[in-house]
Amino acid sequence: MTQHHSSLPNLSSAIATAGSSRRGFLRGAMLGGALLSSSTLLDACGGGGSGSATGSVAFGMNEAAGSGPAYDRLKAMADAYAKKSGVSVKTNAVDHNTFQDNINTYLQGSPDDVFTWFAGYRMDQFAQQGLITDVSDLWPIDGMSDSFKAAATASDGKQYFVPKDYYPWAVFYKKSVFQKFGYAPPTTEADFTSLMKQMQTDGLVPFAFADKDGWPAMGTFDILNMRINGYDYHISLMAGEKDWDSTEVKTVFDAWRGLLPYHQPDALGRTWQEAATSLGKEECGMYLLGTFVVDGIPDMEDDLDFFTFPELDSSIGADALDAPIDGFCLAAAGQNQTGGKEMLKYLGTAAAAEAANAKATPFIAANSNADTSGYSALQKKSVEVVSAATHIAQFMDRDTRADFASTVMIPSLQQFLNSPDDIDGITSSIQKQKVSIFGS
């Protein structure tokens, strides 16, 4: 049977609510010092200490008990593994912000054996630091594509991660609006420009846009950089291996500056939910966001559709996209390495995903063998789009250092939105701060 424990004090409901969102941690990373004291560090229960596959396994979850579907799904996976294996699973459920604010201290102390985490650079950091265990022997995983294996692979070429679910970023629109005006999803830059101009002629703002919370604009930079400079360049830039004051990066900002007249103005005063409402009210024709856009206009989900951002350079194409992947790692300091790895093996299966989705609103399972009958139309299309993608990025806040994302890129992108003509000044400032943080 599974057991739950956590000695963390209850934070305010506002913080718990923010922490349950995909992006809550960026705000939490900046406010954490004011909200959390040293006594609120993650309290890991540790494994059974036997190092056996049958000993008790400790499972660290970045969702607080009772916080909603995300917690319910994780708990269901733990329960299903306990029932299947006969192993006692001790769950340590912690609210999202607290988990992420204290992850380094957690992993360097007495962590749980298995813990929830993210693919991409932030996984790679822990691999480089020796804080998570190589689980390459679990790969290949039946039902996991090469793209997911690549996302689970650190810079040393080994796998340290087992994917659970994902959600793509794309351009969302109301089917009824496109039908009303006779619009068609664009596939080329010319079609894209023509569509935006026609929307303006028809009295629509082409793109809903918001960046009050700081993170949404990262998605626009990501997709433009991947379309203009390619996936490999983008990932190298996020890892601190390229210069932010380069011609390539300036070209991205220049292209973005050209698109701003087609976006809602005054983005810094608008939340993503308010931008979604603008799409719902048919004030705007499109919105670049993750599939969680439906949370902003849930009563309109059946009328929503999406297309991937069109190619801007035929030599680069449009085969890369942001599709953040959540999953699990094995803590190097966990006390039951063998048992933890056995649980990880199960968590990557279609059966584990189905156990999770049977208990709550379904997520989009990384394992392609999982039952999709309960998926919405948008989720089913998401599966098709991500399966067809050659490269999957994890979103800027996961593909780079958390401190660089929150303390440098959020204010820099907001500065750009306020002063789009100062590309040289903004990129020079980012580069100086990048050198200070990354060391080169």
Side-chain angles (χ1 to χ4, degrees), residues 14 17-31 96-97 167-174 177 192 195-196 199-200 203-226 252-253 255-301 303-309 321-324 378 393-398 405-420 426:
T17 300
S20 65
S21 80
R22 159 68 178 85
R23 302 292 172 195
F25 89 90
L26 279 172
R27 183 163 59 251
M30 293 182 285
L31 299 178
H96 205 76
N97 278 357
Y167 59 91
W169 275 60
V171 180
F172 288 83
Y173 63 91
K174 291 182 69 175
V177 170
F192 188 40
L195 175 60
M196 291 188 292
M199 284 184 173
Q200 287 183 324
L204 297 171
V205 177
F207 272 97
F209 192 48
D211 201 49
K212 186 175 183 179
D213 294 317
W215 55 264
M218 291 178 171
T220 300
F221 180 89
D222 282 356
I223 199 65
L224 290 177
N225 195 29
M226 286 190 281
V252 172
F253 278 109
W256 194 352
R257 176 172 57 183
L259 290 173
L260 286 177
Y262 300 108
H263 286 64
Q264 278 182 301
D266 305 317
L268 304 190
R270 186 180 303 111
T271 65
W272 73 262
Q273 293 95 332
E274 291 169 333
T277 298
S278 298
L279 180 72
K281 290 182 176 179
E282 301 181 9
E283 298 168 352
C284 301
M286 300 174 286
Y287 193 9
L288 174 65
L289 204 71
T291 51
F292 56 88
V293 66
V294 299
D295 295 337
I297 43 176
D299 56 331
M300 300 181 189
E301 180 173 356
D303 193 24
L304 290 179
D305 201 349
F306 67 85
F307 58 87
T308 55
F309 201 93
L321 71 158
D322 271 329
L378 287 179
Q394 297 303 303
F395 202 85
M396 182 182 289
D397 58 30
R398 297 186 182 191
S406 62
T407 65
V408 178
M409 291 313 301
I410 283 180
S412 296
L413 295 182
Q414 291 188 328
Q415 181 183 352
F416 167 73
L417 295 176
N418 274 332
S419 304
I426 291 168

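Fair warning: this is a prediction, and the values are worked out from it, not measured in the lab.
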Any side-chain heavy-atom pair from [X] and [Y] closer than 4.5 angstrom?
X: Leu259; Y: Met196; answer: yes
X: Asp222; Y: Trp169; answer: no
X: Trp256; Y: Leu417; answer: yes

Value rounded to 0.5 Å, distance of OG1 in Thr308 from CG in Leu288: 11.0 Å

Value rounded to 0.5 Å, distance of CG in Leu268 from CG in Asn418: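 The CG atom of Asn418 is 5.0 Å from CG of Leu268, to the nearest 0.5 Å.
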
Under 30°, 30 to 60°, or over 60°: which ring-plane class applies to [X] and [Y], parallel, tilted or perpendicular?
X: Phe207; Y: His263; value: parallel
X: Phe306; Y: Phe172; value: tilted
X: Phe221; Y: Phe253; value: tilted

Measure from the side-chain N and O atoms of [X] to the backbone N and O of [Y], and report whether any donor-acceptor pair falls under 3.5 Å.
X: Tyr173; Y: Phe307; answer: no
X: Gln414; Y: Asp211; answer: yes
X: Lys212; Y: Trp272; answer: no
X: Arg257; Y: Phe416; answer: no
X: Asp322; Y: Phe395; answer: yes
X: Gln264; Y: Arg270; answer: no

Using a 3.5 Å cut-off and no angle test, enumerate the donor-acceptor pairs between side-chain atoms of residues 292-301 and protein atoms at least two apart in sequence or in another chain.
unit_1, atom_1, unit_2, atom_2, d
Glu301, OE2, Ser376, OG, 3.2

Taking all atoms of both residues into account, what is the closest heavy-atom pair of [X] and [Y], and its distance?
X: Ser412; Y: Ile426; answer: O-CG2, 3.9 Å
X: Met218; Y: Ala405; answer: CE-O, 3.4 Å
X: Leu321; Y: Pro168; answer: CD1-CB, 3.7 Å
X: Leu279; Y: Met286; answer: CD1-N, 3.8 Å
X: Ala210; Y: Tyr287; answer: CB-OH, 4.3 Å
X: Leu378; Y: Asp305; answer: CD2-CA, 3.9 Å

Residues that Glu274 engages under salt bridge (charged side-chain N to carboxylate O under 4.0 Å, His left out), provided they are two or more places apart: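 If we apply the salt bridge (charged side-chain N to carboxylate O under 4.0 Å, His left out) test to Glu274, skipping adjacent residues, there are no hits.
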
